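For clarity, every value in this text was computed on a predicted model and none was experimentally measured. Chain identifiers are assigned alphabetically (A, B, ...) following the order of the sequence lines, protein sequences preceding nucleic acid strands; residue numbering begins at 1 within each chain.
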Protein chains: 2
Amino acid sequence: MRMAEVSAKYELSQDTLRYYERIGLIPPVNRNNSGVRNYTEDNLKWVEFIKCMRTAGLPIEALIEYVGLFQLGDETLEARKELLKEQRDLLFAKMGDMKKTLERLDSKIERYEQTVGEKEKLLNNLEK
Amino acid sequence: MRMAEVSAKYELSQDTLRYYERIGLIPPVNRNNSGVRNYTEDNLKWVEFIKCMRTAGLPIEALIEYVGLFQLGDETLEARKELLKEQRDLLFAKMGDMKKTLERLDSKIERYEQTVGEKEKLLNNLEK
DNA sequence: ATCCCACTTGGAGTTAACTCAAAGTCAAGA
DNA sequence: TCTTGACTTTGAGTTAACTCCAAGTGGGAT
């Protein structure tokens, strides 16, 4: 699969795809004999995985490390597991913060609804 | 309350507190006659609110707009409500993405646990 | 009186994560 | 043959959100 298609499929700009590859966030993609990238199924899986992780806000640096460990083979299973656990816990904590804020926003909005409602009632009374 | 204390209480650097005030993310804080900030209860509430919102990742730009609207008074109740709703929905969506990623990480970690476990068993067998 | 320390301002520097621009190559179609 | 268009590389530019630095001031302790 060529870059244009990959870009469309995963909604990542071509620049971003090149950038990710350049910094080692996805493993190198093979080229045809004129240097054009040809994404394999395996490449696509990486792209999809990285996109998912980035969407959730995992830092690029940690993901680069994961990809690097992966390429070193089975020796790094344990290290990869620990890395994922660490990021999982960070993500979990962040979701906790967000949940608190979401609740706070919800009750704030609720109060705004009431206040705006009362203002309207007042205006209605004046009209009569 | 002086800045050092506010900084400690909310774990925001003094630089960040000044920055927030400079860009209008918190309303202006009164100074004593030698120009030193003196945070009132009301100022502290803003600091705490903004910290909470920022921790959840709400963009500074939206928060500046909220503070601006607030300072314009009751005319802006409706606009403020809409702004909060919009940010709430964005936050909610983001949490959805993160939940998906969290689940994916959890099952990936689970698989790593199994794989690492099997490798250890293999090694144990070799030792016998 | 002098020294220290917590503050002040204005402006420059940093980091993460892209994003864009310039100049070049190659294959296919008119 | 010439052009078009999708790609290539290298390197610079951008954005958000801080973070740091230099130079200055006012008030309290020694």
Query - Residues which pass side chain to side chain contact (heavy atoms under 4.5 Å, CB included) with B/E82, listed by chain and number, not counting sequence neighbours - result: B/E78, B/K85
Requested in this report: Give me the ring orientation class for A/Y66 and A/F70: parallel if the planes are under 30° apart, tilted from 30 to 60°, perpendicular past 60°.
Outcome: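 Taking A/F70 first and then A/Y66, their aromatic rings sit tilted (interplane angle of 30° to 60°).
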Query raised in the report: Roughly how far, to the nearest 0.5 Å, is the CG atom of A/D97 from the NZ atom of A/K100?
Result: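 One gets 6.0 Å once the value is rounded to the nearest 0.5 Å.
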Requested in this report: Enter the distance from A/K108:NZ to B/R80:CZ here, rounded to the nearest 0.5 Å.
Outcome: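 Between atom NZ of A/K108 and atom CZ of B/R80 there are 9.0 Å.
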Query raised in the report: Nearest to the side chain of A/E61 - C/dA16, C/dC7, D/dA16?
Result: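 Selected nucleotide (nearest to the side chain): C/dA16.
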Would you kindly give the [atom1]-to-[atom2] distance between [X] and [N], to the nearest whole Å?
X	N	atom1	atom2	value
B/L12	D/dC18	CG	P	8 Å
A/R31	C/dC26	CZ	P	14 Å
A/Q14	C/dC18	CD	P	16 Å
B/L63	D/dA16	CG	C1'	13 Å
A/E5	D/dG5	CD	P	19 Å
A/M3	D/dG5	CE	P	17 Å
A/R2	D/dG5	CZ	P	15 Å
B/E21	C/dT8	CD	C1'	12 Å

Report task. Please report the shortest heavy-atom distance between B/N43 and B/P27, naming the atom on each side. Result -> ND2-O, 4.5 Å
Report task. Provide the closest heavy-atom pair for A/L12 versus A/S7 in the form atom of the first, atom of the second, distance. Result -> O-OG, 2.7 Å
Query raised in the report: So, are B/R18 and B/D15 salt-bridged, with charged N and O less than 4.0 Å apart?
Result: yes
Query - SB check A/K45 A/E41 (cutoff 4.0 Å) - result: no
Query raised in the report: Is A/S13 reaching over with its side chain to a backbone N or O of A/T16, donor-acceptor style, under 3.5 angstrom?
Result: yes
Would you list the protein and nucleotides 19-25 of chain D atom pairs, both N or O, that sit under 3.5 Å from each other?
unit_1, atom_1, unit_2, atom_2, d
D/dC20, N4, B/D15, OD1, 3.2

Query raised in the report: Any side-chain N or O of B/Y20 under 4.0 Å from OP1/OP2 of D/dC18?
Result: yes
Report task. Ignoring backbone atoms, test whether A/R37 places a side-chain nitrogen or oxygen under 4.0 Å from the OP1 or OP2 oxygen of D/dT9. Result ->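 True: A/R37 side-chain N/O within range (under 4.0 Å) of D/dT9 OP1/OP2.
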Where do N or O atoms of nucleotides 26-30 of chain D meet protein N or O atoms at under 3.5 Å, pair by pair?
none

